[in-house]
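Structure first, then comments.
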Amino acid sequence: MDELELLKKDWNRSETSYTNYSEAEIYPMIKKKSSSIVKTLFYISIAEMVFWILINVVPYYLSSNYRKEIEELSHHTWYILLTVSGYFIIAGFIWFLYKSYTTISVTDSAKKLMESILRTRKIVKYYVIYNLFLAFISIPLSFYLMLQEDQQLATEVSNMNSGQMAILIALITAVTGLFIFVFWIFYRILYGILLKRLNRNYQELKKLED
Amino acid sequence: MNKALEHSFVEQLKENQNIIHKVCRLYTNNKDAHNDLFQEITIQLWKAYPKFRGDSKFSTWMYRVGLNTAITLYRKNKRRIQTSEFDALQFKIKAEEYDDTEEEQLKLMYSAIHQLNDIEKALVFLYLEDKDYKEISATLGISEVNARVKMNRVKNKLRTILNP
């Protein structure tokens, strides 16, 4: 007999050998919490939203200097415009993320299910990139603003020779770069671990269609 | 959620639980992992149940959710010790029903299946469950032609593992 036929015969025969759960045993199972990848992804995306919002908000409450500066800035039109559009962008991300979560359905085909999960992850990724981009701009920008405000610092900087200036610029670039690099690596590892298997399986399915 | 819904779900799940056990059998290799995956598939089924319209059979619907959970959603429980060796107890083959060669062949067969990747396992599972290519293609989201091609490849792969 062909091995596969033999296997099929055994497969059907072994039906009786599984643990047969009673209704009383199944009830508690449906009350338990899922530990699926979608659930984890959901928690991570919420954590990310909250984290970046806090990064923007916390300094305002912690430092009275910063608060004063913000209050001064808040009279400028460009500042109001930036803040408002910032909130619009965050609201937009939240909306897209929500929409994307609602399209994840376990009753879709395997390929479609994987695609909707990967799309959701992509939205979170764009959100992170957006924030890193803001960080990339705001670190040099805040240094520039500091120069404008702080006369003493401004004089010191203007008295620098070209070597010192180069070091200062290099330092600012390094700090910005390091900040972004650390975050980037962190995300790579986080999502790398979480989605490794899903990505592998998705590639396998996709390979079939090429 | 309401009691009647809960009751009808649990009742149907109990009747069809072998489908979940069989998915777990292919995707896990020890009893703890088996139970863990069984639990997760049950949760996913229950979460999706309110949307189950009954336009397909409960069992057909279970195949899809079960495989999707195993292939895509399930995260191996890190607290459990991962063993790559498969648990012989799980695959206890009733010796009296087969001769020695057949028994040996079956053992090799199951360990060969465990060497396949997740998608290949899904194909073997659907083959063992006698699903037609239309359903296989709909379950995995690939075309019927590709399902057929891949199925033949997997079968050949199994044969080569067994008869090197």
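Labels below follow one simple rule: chain letters A, B, ... track the order of the sequence lines, proteins then strands, and each chain is numbered from 1. Worth knowing before you read on, the calculation uses all heavy atoms, side chains too, and leaves out hydrogens, waters and symmetry mates.
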Checklist entry - Mind checking whether A:T19 and B:Q17 have side chains closer than 4.5 Å, heavy atoms only? => result no
Next on the checklist: With a 4.5 Å cut-off on side-chain heavy atoms, are B:E6 and A:Y27 touching?
Outcome noted: yes
Next on the checklist: Within the structure provided, determine whether A:R200 and B:D118 are in side-chain contact (heavy-atom separation under 4.5 Å).
Outcome noted: yes
Checklist entry - By number, which residues in residues 176-190 of chain A have some heavy atom less than 4.5 Å away from chain B? => result none
Item to check | Under 4.5 Å from any heavy atom of chain B - which part of A:T40 | outcome: side chain
Checklist entry - Side chain, backbone, both or neither: which part of B:T139 has a heavy atom under 4.5 Å from chain A? => result backbone
Checklist outcome for this item: For A:K32 and B:I43 the tightest heavy-atom approach is O-CD1, 3.6 Å
Checklist outcome for this item: So, the part of A:K33 with a heavy atom under 4.5 Å from chain B: the answer is backbone
Next on the checklist: In the structure I gave you, are the side-chain heavy atoms of B:H21 and A:Y21 within less than 4.5 Å of one another anywhere?
Outcome noted: yes
Checklist entry - How long is the gap from CH2 on A:W11 to CG on B:D130, to the nearest 0.5 Å? => result 12.0 Å
Checklist entry - Only one of A:L7, A:D10, A:L6 clears side chain to side chain contact (heavy atoms under 4.5 Å, CB included) with B:Q105; which? => result A:L6
Checklist entry - Top residue by heavy-atom pair count (under 4.5 Å) with chain B, among A:L198, A:N201, A:I26? => result A:N201
Checklist entry - Would you call B:E40 and A:K39 a salt bridge, using N to O less than 4.0 angstrom? => result no
Next on the checklist: I'd like to know which of A:I104, A:N20, A:L195 tops the heavy-atom pair count under 4.5 Å against chain B.
Outcome noted: A:N20
Item to check | Ring-face cation of A:K8 near B:Y127 (centre distance under 6.0 Å, axis angle within 45°) | outcome: yes
Item to check | Exam field: side chain A:R197 to backbone B:Y74, donor-acceptor pair closer than 3.5 Å | outcome: yes
Item to check | chain A contact via B:F52 - side chain, backbone, both or neither, heavy atoms under 4.5 Å | outcome: neither
Checklist entry - Which atoms of B:A70 come close to chain A, meaning under 4.5 Å heavy atom to heavy atom: side chain ones, backbone ones, both, or neither? => result backbone
Checklist entry - For atom CZ of A:F136, is the number of surrounding heavy atoms from other residues, nucleotides or ligands below 6.0 Å larger than 12? => result no
Item to check | Over 12 foreign heavy atoms within 6.0 Å of CZ, A:F96 | outcome: no
Checklist entry - Sub-3.5 Å donor-acceptor pair from the side chain of B:Q39 to the main-chain atoms of A:M29, do we have one? => result yes
Next on the checklist: Within the 4.5 Å heavy-atom criterion, are B:K150 and A:K207 side-chain neighbours or not?
Outcome noted: no
Checklist entry - What are the residues of residues 105-121 of chain A, in order of number, with any heavy atom under 4.5 angstrom from a heavy atom of chain B? => result A:V106, A:T107, A:D108, A:S109, A:A110, A:K111, A:L113, A:M114, A:I117
Checklist entry - By a 4.5 Å heavy-atom criterion (distance strictly below it), what part of A:L41 contacts chain B: side chain, backbone, both, or neither? => result neither
Item to check | Min side-chain heavy-atom separation B:K47-A:I30 under 4.5 Å | outcome: no
Checklist entry - Ignoring hydrogens and geometry, is there a side-chain-to-backbone donor-acceptor pair from A:E204 to B:N117 under 3.5 Å? => result no
Next on the checklist: Working to the nearest 0.5 angstrom, can you tell me the gap between B:I41 CD1 and A:S34 OG?
Outcome noted: 11.5 Å
Next on the checklist: Between B:R75 and A:L194 (side chain of the first, backbone of the second, donor and acceptor by atom type, cut-off under 3.5 Å), is there such a pair?
Outcome noted: no
